[in-house]
Amino acid sequence: MLGYFGPKGTFTHQALRTVSDDEAIAFPSVRAALDAVRTGEVRAAVVPIENSVEGGVSATLDELIAGSPLAIIGEIVIPVEFGLYAREELRLEDIRQVLTHGHAAAQCREWLATHLPNANITEAGSTAGAAAEVSRPDSHYDAAVSARVAGRLYGLTELAYQIEDNPGAVTRFVLVGRPGPLPGRTGADKTTLVAYMREDHSGALLEILQQFAVRGVNLSRIESRPTKTTLGSYCFSIDAEGHAHDRRMAEALEGLHRICPTVHFLGSYPRADKVRPSIGIGFSDAEFDEASAWVQGLDRETVTRD
Ligand SMILES: O=C(O)C(=O)C[C@]1(C(=O)O)C=C[C@@H](O)C=C1
């Protein structure tokens with residue numbers, strides 16, 4: 001059984017539907033969905049991790065490394081379009097209280113400021129949770145910003161559609177399970193990890209980046225997250241192109257392990273877009289193998305000096 005950040009009608013639910021039609025369990029938060037994976041209540045869960053407008057989803061980035069280890073086993077990317085949904089009797093000019101997810105509010109900021117300048121925007125656990133709340137006849141809230149699917153599901157009227165400030169926005173979701181054998185290499189893979197610096201010093205981030213750069217590994221996301229210990233203490237959440245079984249990635253991971261006190265490996269999994277990284281000259285598995293064989297054989301070589 002799979003789980004997802006719900007309730008029914010969230011963008012996360014739509015992302016799950018693109019990979020499975022089976023019955024799945026909705027959880028009210030990212031944390032609850034990931035805890036259900038940890039306890040074994042579900043085999044895996046879908047949660048949002050990154051939006052093309054708002055960036056990383058902090059709740060997910062933090063929960064992935066809190067508690068017992070988890071592994072990302074797949075990713076899904078879907079377009080996100082928002083509408084404004086209200087109870088039948090309300091018109092746009094009646095809307096005073098809007099409820100939605102923080103990421104959704106941020107993606108529709110301009111539209112809300114222009115069309116509902118006097119409305120209060122309140123943050124809800126999810127866009128679909130907001131639509132469900134607005135559908136209650138005695139709700140304090142007049143309208144929800146959500147997916148069209150959620151507006152319909154909770155019997156609301158669409159007052160506006162495609163109200164996002166950046167058309168073409170997408171959100172990336174990950175399928176998270178318990179650690180086990182890595183999904184096989186496809187040639188178009190991604191690896192996610194969190195690296196902690198040894199101590200704060202000049203060039204610490206550069207040292208982490210160098211581990212990837214000198215092995216020809218491209219990064220597709222890097223963001224700092226507070227370690228939650230002291231002010232100014234950060235770790236780095238990283239997506240890198242490639243699989244831990246690629247020689248260049250394996251060597252980059254070894255390098256990180258040598259220089260960082262802690263590295264949380266969060267998985268290697270197929271990329272949603274199936275795009276293969278371009279591998280620079282000297283960075284293919286064959287070239288790493290050939291170079292290793294050369295080093296192994298050095299003591300058999302005859303060195304002649306003048
Ligand atoms: O509330 C939802 O519908 C979600 O799936 C969460 C979420 C997010 O966390 O970013 C997902 C996609 C949208 O960008 C807005 C909200």
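One-based numbering, in listed order, for ligands and for the atoms of each. Predicted model, so just to flag it, every value in this text is computed and none were measured.
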Please list all pairs passing the salt bridge (Lys or Arg N to Asp or Glu O under 4.0 Å) test where one or both residues lie in residues 253-263, with sequence neighbours left out. none

Only one of Phe82, Phe173, Phe5 passes ring-ring contact (aromatic ring centres under 6.0 Å, His included) with Phe11; say which it is. Phe82

Between ligand 1 and the protein, which N/O pairs fall short of 3.5 Å?
{"from": "ligand 1", "atom 1": "1 (O)", "to": "Thr127", "atom 2": "N", "distance (Å)": "2.8"}
{"from": "ligand 1", "atom 1": "1 (O)", "to": "Thr127", "atom 2": "OG1", "distance (Å)": "3.2"}
{"from": "ligand 1", "atom 1": "3 (O)", "to": "Phe11", "atom 2": "N", "distance (Å)": "2.9"}
{"from": "ligand 1", "atom 1": "3 (O)", "to": "Thr127", "atom 2": "OG1", "distance (Å)": "2.5"}
{"from": "ligand 1", "atom 1": "5 (O)", "to": "Phe11", "atom 2": "N", "distance (Å)": "3.4"}
{"from": "ligand 1", "atom 1": "5 (O)", "to": "Thr12", "atom 2": "N", "distance (Å)": "3.1"}
{"from": "ligand 1", "atom 1": "5 (O)", "to": "Thr12", "atom 2": "OG1", "distance (Å)": "2.7"}
{"from": "ligand 1", "atom 1": "10 (O)", "to": "His103", "atom 2": "ND1", "distance (Å)": "2.9"}
{"from": "ligand 1", "atom 1": "14 (O)", "to": "Gln107", "atom 2": "NE2", "distance (Å)": "2.9"}
{"from": "ligand 1", "atom 1": "14 (O)", "to": "Thr171", "atom 2": "OG1", "distance (Å)": "3.1"}

Is there side-chain contact between Ile238 and Leu219, with heavy atoms separated by less than 4.5 Å? yes

Let me have the donor-acceptor pairs involving side chains of residues 41-49, under 3.5 Å, with sequence neighbours excluded, atom names and distances please.
none

Any carboxylate oxygen within less than 4.0 angstrom of a Lys/Arg side-chain nitrogen, looking at Arg109 and Asp165? no

Could you pull out every donor-acceptor pair under 3.5 Å between side chains of residues 119-131 and any protein atom, sequence neighbours left out?
{"from": "Ser126", "atom 1": "OG", "to": "Gly6", "atom 2": "O", "distance (Å)": "3.4"}
{"from": "Ser126", "atom 1": "OG", "to": "Gly129", "atom 2": "N", "distance (Å)": "2.9"}

